[in-house]
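Here the structure is laid out as structure tokens; the discussion comes afterwards.
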Amino acid sequence: MDTQDTKTIMDPSTQLEQMNIVIVGHVDHGKSTLIGRLLADTNSLPEGKLEQVRRNCELNSKPFEYAFLLDALKDEQAQGITIDMARCFFKSDLRQYIIIDAPGHIEFLKNMITGASRAEAAILVIDAYEGVQENSKRHGYLLAMLGIKQILVAVNKMDRVDYSQEVFDTISKQYREFLSEINIEPLDIVPISGREGDNIQARSNAMPWYTGKTILEHMDTMEKEPEKSDKALRFPVQDVYKFTQANDDRRIIAGNVETGKITVGDEVVFYPSGKRSKVKTIEGFNVPSQNEVGVGVATGVTLETQIFVKSGDLMVNASDPAPMSGTQFRARLFWLGKQALKMNKKYKLKFGTAQVMVSIAKIDHVLDAVSLGKKTKTQILRHEVAEIIFQSTKPLAFDTAGDFECTGRFVLIDDYEIAGGGIIMGKEDDNNSLIDQMVAARDTQWVSSQIAATERTTRYRHPATMILISSEQGIDRVGIAKDFERQAFDAGYAVYSLGIPN
Ligand code: GTP
Ligand code: MG
């Protein structure tokens with residue numbers, strides 16, 4: 001429905017601000033019903049949809065559900081539970097909302113996380129009759145971990161508990177206590193009935209004891225995140241392209257401006273290497289060169305000096321705070337893989353544009369997202385959250401998730417599937433091994449020659465290449481190298497054999 005219904009529901013002529021809100025909570029606590037209600041009460045449904053769904057229910061003699069409205073928009077009515085993540089759109093007088101309906105079932109925790117990671121705020125639904133359940137807490141915990149600070153709690157199905165203030169107060173108190181343990185102060189807790197439409201768009205007559213805001217009033221006062229353009233530059237390098245013309249050894253460094261901006265003439269630093277240069281041009285794709293590009297723009301830059309940059313590097317402005325770099329970092333991770341996450345196995349870690357093999361150097365503790373208890377363990381099971389230390393095979397540049405989402409959040413791949421994700425909490429001291437120091441020195445202290453590689457190729461009539469001969473113990477590598485050098489020399493190549501001591 002994403003594309004089609006966007007057209008019918010969203011009015012392109014309005015220039016209203018957009019806001020992403022995810023609806024989470026335990027299975028069957030009424031998330032989809034709440035959304036259906038919001039769509040209906042704000043007149044956001046396509047003409048005749050409500051009547052059509054009601055009529056369909058009558059024909060099939062089943063009770064009408066507001067959640068069916070979403071299914072009807074989505075054509076996914078099969079089991080009446082939200083399997084995938086559905087998005088729908090509506091607008092209040094103030095804004096356009098993109099509502100992400102996350103599934104409540106534990107099997108679909110990954111979808112919930114994907115949905116939540118795109119949201120700026122969340123509404124967490126708790127069934128008044130069932131009270132706080134496992135996923136009410138787990139979802140709350142994951143929202144906090146994903147850095148979603150604006151959380152509105154809705155105690156739903158108040159009609160099922162006779163609109164009792166006592167029931168509401170008990171649940172509110174219990175859930176507030178849980179949230180305060182994870183340092184979250186909810187925006188508010190609102191008693192509602194999705195089915196009856198109490199305190200969603202219109203104030204409820206059934207709960208005169210509640211004098212606070214309705215759900216929609218709260219939504220309109222949720223705050224947009226501060227503009228990402230005001231932040232420091234983070235430009236993860238996606239690709240490096242060569243100019244195709246002969247003798248043009250310039251490179252275009254391509255990527256997406258995640259935060260901040262790039263201006264021609266900026267002094268920039270690439271991490272983890274620490275190499276520096278200046279932005280010479282900003283090359284658009286199919287657009288003329290520009291002087292400046294901002295957040296969200298996919299672009300390419302050329303540099304004033306030729307330095308070796310590769311995909312996965314992070315370009316930042318030299319005057320901004322530097323990212324961290326190293327091979328060990330502390331992270332908070334949630335694991336969704338069917339197989340447990342183990343200590344001495346390699347996993348692929350992806351964040352920004354970087355992909356690198358990592359293993360777990362240490363499991364600090366495993367945390368129960370429901371009871372918030374800490375345990376010492378040697379592996380991490382499905383649905384567990386843990387604080388760990390990662391060891392990567394090569395140096396990486398990263399930030400803490402609190403500072404920069406783009407370079408502070410990651411996913412872990414096991415068997416070609418996303419099996420976990422998390423946030424970076426900081427660098428761990430990896431005692432900078434000798435090799436790391438030498439690699440870093442090569443990156444920053446390399447002195448380049450005035451003679452271009454192409455000139456040497458012309459002189460020697462063959463391009464340059466390096467052949468590394470390595471083997472297990474007991475094989476005569478030196479002998480092989482010497483024979484090879486002899487034969488290549490006799491065949492007319494300019495060739496030198498260098499033994500390790502050289
Ligand atoms: P999942 O997507 O499967 O996690 O469920 P959900 O949270 O989206 O729940 P859904 O909206 O599908 O509602 C589950 C059941 O609760 C349905 O039978 C609804 O009719 C019922 N329900 C939802 N809101 C209310 C309410 O305010 N009052 C009453 N009495 N029932 C409600
Ligand atoms: Mg649902």
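Just so you know, these numbers come straight off a predicted model, no measurement behind them. Every number for a ligand or one of its atoms is a count from 1 in the order of the listing.
Comment: Arg234 does not engage Glu258 in a salt bridge, judged by the lack of any side-chain N to carboxylate O separation of less than 4.0 angstrom. With respect to Arg330 and Glu387, a salt bridge is recorded, a charged nitrogen being found less than 4.0 Å from a carboxylate O.
Donor-acceptor pairing under 3.5 Å is lacking for the side chains of Gln238 and Thr353. Under the 3.5 Å distance criterion, with hydrogens and angles disregarded, a donor-acceptor pair is assigned to the side chains of His29 and Glu130. In summary, the side chains of Asp403 and Thr400 do present a donor paired with an acceptor at a separation below 3.5 Å, with no hydrogens or angles considered.
In summary, the atoms of ligand 1 found under 4.0 Å from a heavy atom of Arg160, numbered by their order in the structure, are 30 (N). The distance from ligand 1 to the heavy atoms of Glu65 drops below 4.0 Å at these ligand atoms: 17 (C), 18 (O), 19 (C), 20 (O).
Contacts between Arg195 and ligand 1 below 4.0 angstrom, taking non-hydrogen atoms only, involve backbone and side chain alike. In Thr33, the parts holding a heavy atom less than 4.0 Å from any atom of ligand 1 are both the side chain and the backbone. Residue Asp159 touches ligand 1 through its side chain alone, judged by heavy-atom distances below 4.0 Å.
Note: an N/O pair closer than 3.5 Å links Gly30 and ligand 1 by distance alone. Between Gly194 and ligand 1, at least one pair of N/O atoms sits closer than 3.5 Å. Some N or O of Lys31 is nearer than 3.5 Å to an N or O of ligand 1, by distance alone.
For Ser136, there are no side chain to side chain donor-acceptor pair (under 3.5 Å) partners two or more places apart in sequence or in a different chain.
Considering only non-hydrogen atoms, atom 15 (C) of ligand 1 lies nearest to Lys157 out of Lys157, Arg37, His29.
The distance from the Mg ion (ligand 2) to the nearest N/O/S atom of Thr33 is not under 2.8 Å.
Checking Ile215, Leu38, Leu216 one by one against Gln201, the side chain to side chain contact (heavy atoms under 4.5 Å, CB included) holds for a single residue, Leu216.
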